[in-house]
Amino acid sequence: MRLSELAEALGAERIGEVPRERVKEVLEKYERLGKPVIYKVEGWEPEVVSALYSSREAVWKALNAGSDEEAYEKLLHYKKGTMEIVPFSYRKVDSLDYLPWVKFYPEDGGAYHTASVYVACLDDVCNASYHRTMYLGPRKAALRMVPRHLYKMYKEALERGEELKVAVVIGAPSEVEFAAALSLPFGEFELEVAASLAGSLEVSKTPLYSLPVPARAGAVIEGRITAERVDEGPFVDLLHTYDSVRKEPVLEVDAVYVGEEPLHIILPGGVEHQFLMGYPKEASIWDSVRKVVPKVHKVRLTRGGGMWLHAVVSVEKNVDGDAKNAIMAAFAGHPSLKHVVVVDPDVDPDDPYQVEWAIATRFQAHEDLIVIKNARGSSLDPSSQDGLTSKMGLDATAPLKSKDKFKRVGNI
Ligand SMILES: C/C(=C\C(=O)O)CCOP(=O)(O)O
Ligand SMILES: [Mn+2]
């Protein structure tokens with residue numbers, strides 16, 4: 001769905017101009033309200049939308065689904081959809097300076113674009129993935145590149161003595177934004193998955209490098225990722241800590257275009273950021289756990305864990321050992337997961353009090369705790385050491401044979 005269309009369907013509020021230094025505060029407000037906001041950053045022409053995916057219902061709408069199960073199924077069992085090639089209809093502008101760049105937190109390394117989806121093709125493989133983009137000048141930016149698909153293509157290009165040509169899309173249709181957040185196998189093109197989520201997707205080839213991009217987005221930047229590396233960061237990530245400064249590659253910009261759609265700015269560490277990154281992982285945990293227990297009721301990656309490190313899963317058991325298997329399956333479903341609590345169906349993972357109550361009344365550390373030392377941790381976790389972490393699973397389910405003793409009475 002085009003972002004303007006989605007924003008309207010979600011009852012977006014249009015608020016006029018926002019001074020650059022107030023953007024963070026405004027985005028926080030609209031995320032709290034759970035409602036998209038359309039605005040201009042004072043001094044810049046393009047319209048911006050934010051707080052789009054700030055509720056579970058908004059995520060369903062973005063994925064054309066009516067429930068978590070339906071949305072999870074869509075993300076898990078995509079087919080390659082049809083990409084309909086249409087002429088490139090964006091308007092060329094002078095430079096990156098046409099776009100508003102926002103510095104969100106005082107110690108951020110610079111002003112950023114956060115919803116920037118990089119499309120690259122090398123040989124017959126195309127890829128689309130998120131990389132935050134830090135402004136360096138009218139024709140120069142830096143991007144954070146974790147060692148995944150784009151990095152693999154970049155390394156390959158450099159080994160051939162080439163730079164990696166990319167098209168950076170800001171304000172892409174919602175299905176593209178979610179598809180770009182998936183961890184697909186290398187070689188599967190996220191735009192084809194987006195086409196499947198959407199039914200079909202209009203795609204245009206960029207003028208300079210003929211890279212496939214959604215036909216309707218806020219902006220498209222054509223450029224090359226070069227061998228030059230610069231300091232990128234600090235930058236507040238999903239966990240609301242400053243991600244460290246790293247030497248990251250430079251994007252040399254060759255052309256900037258704008259479309260009819262608004263740009264998208266995602267508040268770092270905000271609800272929208274957490275949903276975009278975390279929701280596909282909920283789907284993956286759900287899929288993994290449902291293979292080892294009779295029924296998974298709910299999977300929730302929780303807010304305090306950045307929708308990345310902490311999960312609560314409610315399950316039905318056949319035998320008591322099922323909950324321990326559910327813990328292992330949850331870790332398999334999301335390799336960055338650090339702590340997981342498994343609860344019975346009468347405990348709502350959306351209610352932190354109920355979850356705590358289950359730990360208080362149904363959990364004994366000497367027999368219900370699983371600790372795994374020195375596993376691969378999330379690069380975002382400042383407490384992990386050399387990328388290694390301890391993982392912990394809590395079986396907070398009641399023993400099957402003595403249900404009555406563990407019945408919750410009244411409201412917590
Ligand atoms: C979700 C990530 C970054 C962000 O959105 O801030 C990437 C973290 O990846 P790990 O595999 O957990 O290191
Ligand atoms: Mn990929």
Side-chain angles (χ1 to χ4, degrees), residues 53 75 78 80 104-105 108-109 112-134 143-156 164 166 169 172 176-194 211-212 232-244 246 248 264-282 284-285 301 303 305-311 331-339 375-389 391:
Y53 314 120
L75 291 172
Y78 53 81
K80 283 186 181 176
F104 296 91
Y105 287 90
D108 281 354
Y112 276 82
H113 260 289
T114 47
S116 33
V117 173
Y118 283 64
V119 177
C121 297
L122 195 66
D123 303 329
D124 48 5
V125 170
C126 290
N127 187 71
S129 50
Y130 282 93
H131 303 273
R132 66 188 184 223
T133 306
M134 185 175 96
L143 65 144
R144 162 89 170 109
M145 206 195 280
V146 288
R148 295 206 185 110
H149 298 167
L150 188 72
Y151 177 75
K152 182 176 159 62
M153 296 164 92
Y154 167 64
K155 229 174 55 178
E156 175 70 36
L164 185 67
V166 290
V169 186
V176 174
E177 294 204 311
F178 272 92
L182 295 175
S183 303
L184 305 179
F186 183 72
E188 287 191 28
F189 188 22
E190 288 77 3
L191 253 54
E192 283 177 324
V193 173
L211 289 163
E232 186 276 338
F235 189 73
V236 171
D237 60 32
L238 272 183
L239 294 172
H240 278 269
T241 53
Y242 278 112
D243 195 7
S244 57
R246 299 182 189 82
E248 294 287 349
H264 186 190
I265 291 182
I266 297 170
L267 177 68
V271 187
E272 190 171 29
H273 184 184
Q274 296 196 348
F275 265 124
L276 260 175
M277 297 295 119
Y279 198 81
K281 297 301 176 191
E282 273 188 8
S284 162
I285 294 170
L301 281 162
R303 288 275 290 132
M307 277 192 84
W308 199 249
L309 297 190
H310 284 181
F331 286 133
H334 175 29
S336 294
L337 189 64
K338 188 178 175 187
H339 300 144
R376 196 280 264 169
S378 170
S379 63
L380 304 179
D381 178 4
S383 76
S384 71
Q385 282 155 8
D386 299 325
L388 299 180
T389 193
K391 301 200 173 205

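Both ligands and their constituent atoms are indexed starting at 1 by order of listing. From a predicted model like this one, the values you see are computed outputs, not experimental measurements.
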Q: Which atoms of the protein, restricted to N, O or S, are nearer than 2.8 Å to the Mn ion (ligand 2)?
A: N127 OD1, H149 ND1, E190 OE2
Q: For atom OH of Y151, decide whether the heavy atoms of other residues, nucleotides or ligands shown that lie under 6.0 angstrom number more than 12.
A: no
Q: Without swapping roles, check the side chain of E190 against the backbone of A181 for a donor-acceptor pair under 3.5 Å.
A: no
Q: Do any pairs count as a salt bridge (charged side-chain N to carboxylate O under 4.0 Å, His left out) and have a residue in residues 377-386, sequence neighbours left out, and if so which ones?
A: K338-D381
Q: Parallel, tilted or perpendicular: which one describes the rings of Y112 and F235, with boundaries at 30° and 60°?
A: tilted
Q: How would you list, by chain and number, the residues with a heavy atom under 4.0 angstrom from ligand 1?
A: R148, D237, L238, H273, M277, W308, S336, R376, S378, S379, L380
Q: Does R132 pair with D108 as a salt bridge, N-O distance under 4.0 Å?
A: no
Q: Given the rule in the side chain to side chain contact (heavy atoms under 4.5 Å, CB included) test, do W308 and L380 qualify, once you have shown the distances and angles that lead to the verdict?
A: CA-CA 9 Å; W308 199 249; L380 304 179; 4.1 Å; yes
Q: Which of parallel (below 30°), tilted (30 to 60°) and perpendicular (above 60°) describes Y53 and F178?
A: perpendicular
Q: For R144 and T133, test the side chains for any donor-to-acceptor distance below 3.5 angstrom and give the result as yes or no.
A: no
Q: Which residues pass the ring pair (Phe, Tyr, Trp, His ring centres under 6.0 Å) test with Y118, not counting sequence neighbours?
A: H131
